[in-house]
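To keep things clear, I will list the structure first and then write my remarks on it.
We count ligands from 1, going down the list as the structure has it; atoms in each ligand are counted the same way.
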Amino acid sequence: MRKPIVIGNWKMNMSKQEGLNFLASLKDFDNSKLDAGLAVQSLVVDSLSSHKNNILLGAQNVCYEETGAFTGENSVLLLKELNVDFCVIGHSERRQFFNETDELVNKKAQLLLNHNILPVICVGETLEQYENNLTAEVVKNQVSIACANLDIKNTVIAYEPVWAIGTGKTATSEIANNVCKLIREHLATMYSIEDANAVRIQYGGSVNENNIAEILACSDIDGALVGGASLKEDSYKQLIGY
Ligand code: PGA
C-alpha cells in the first residue's frame, strides 16, 4: 500500500508570520494515514522548520551542486541542516521561467537522494502538446531523463499538466489516472515492476477541497500537489483531511 502524500506548493506567497500561524493551526496533525507537506520559500525554511511538527517541510528549489560559487542558489547541505524533508524539482514554472531541464532535474534528484531529502519530481505536457495528442510521448520522455538511475522508490513524481496549473481546468480523474498509470508502467521498464509499484505519483493542477477525493480515489494516483488551494488554512485542512 502506498501512503498518500498531499503537498501544498506555496510558490512565491506567504509571509514568515503567515507561515508560522498556518503551521500553528496544524500542530496536532496526525500523519498516520496520509503524509502532508508544504513547499515554502527558502527564506522562511529556517523559521518554519522548528514549528512543522508532523507536516513535511519542503523547499521549491535546490542547486545541482552541493556547494561553491553558485550565487543565488540553495545548497542541499543547508536544506539538510535546516531539516527540510522534501524539495520540489522540475516544476513547470521553473522549466518555463528558469530553464530547468530534465537533465538538471535528474542531477538535483540524485543530490537530494544522496542527502536523504525526498525529491518531488514534476512532469507534464503543455496545452499545445496536449492538443496534439503528445501527452504520452512527452511525459515518457521527461521521465526517461529526469528519473534515470535514481533510487526511484524514494522519490515522488508529480504529474502536472501545464494547462491545468492555476487555470481552474483540472484534468478529468480518468485522464489524470491514465497518465499516472502510464508513468508507472514506464518506470517498470526503467526499473522493476516492484520498484514502480512503490513510487508515489501525485496529480497536480487546479486541485481543491472539492475535487481531491475523486482524485485520491484513482488507482494510480497517490496524492496531490496543490498550489492555489493550499494557501488558505481551511482549504488546506480539508485537502489533508485534518
Ligand atoms: P494549482 O497549482 O493547484 O494552483 O493549479 C499546482 C502547482 O503548480 O503545483
In this structure, are over 12 heavy atoms from other groups packed under 6.0 Å from Lys16 atom NZ?
no

Using a 4.0 Å cut-off to any heavy atom of Gly205, which atoms of ligand 1 qualify?
5 (O)

Identity and separation of the nearest protein heavy atom to atom 9 (O) of ligand 1:
Glu160 OE2, 2.7 Å

Taking side chain to side chain contact (heavy atoms under 4.5 Å, CB included) as the criterion, tell me which of Glu100, Gln60, Glu160, Gln96 meets it with His91.
Glu160

As an exercise, state the distance from CG of Asp220 to CG of Asn177, rounded to the nearest 0.5 Å.
5.0 Å

Indicate yes or no: does an N/O atom of Gly166 lie under 3.5 Å from an N/O atom of ligand 1?
yes

Exercise: identify the closest heavy-atom pair between Leu239 and Ala229:
CD1-O, 3.8 Å

Give the numbers and elements of all ligand 1 atoms closer than 4.0 Å to a heavy atom of Asn9.
9 (O)

Can you list the atoms of ligand 1 that are under 4.0 Å from a heavy atom of Ser206?
1 (P), 3 (O), 5 (O)

Can you spot which of Arg200, Lys181, Arg184 makes a salt bridge (Lys or Arg N to Asp or Glu O under 4.0 Å) with Asp222?
Arg184

For residues Leu118 and Val123: do they belong to one hydrophobic cluster (side chain heavy atoms under 4.5 Å, members Ile, Leu, Val, Met, Phe, Trp, Tyr)?
no

Taking only heavy atoms of Lys11, which atoms of ligand 1 are found under 4.0 Å from at least one of them?
2 (O), 7 (C), 8 (O)

Which of the atoms in ligand 1, numbered in the order shown and given with their element, are less than 4.0 Å from a heavy-atom of Gly228?
1 (P), 3 (O), 4 (O)

With Leu38, the side chain to side chain contact (heavy atoms under 4.5 Å, CB included) member among Leu23, Asp85, Leu48
Leu23

With a 4.0 Å cut-off on heavy atoms, is Ala229 touching ligand 1?
no

Is Ala164 in contact with ligand 1, taking contact as a heavy-atom separation below 4.0 Å?
yes

Here the atoms of ligand 1 under 4.0 Å from any heavy atom belonging to His91 are 7 (C), 8 (O), 9 (O)

Checking the N or O distance criterion of under 3.5 Å, is ligand 1 in contact with Gly227?
yes

Does a side chain donor of either Glu125 or Trp163 reach within less than 3.5 Å of an acceptor in the other side chain?
yes

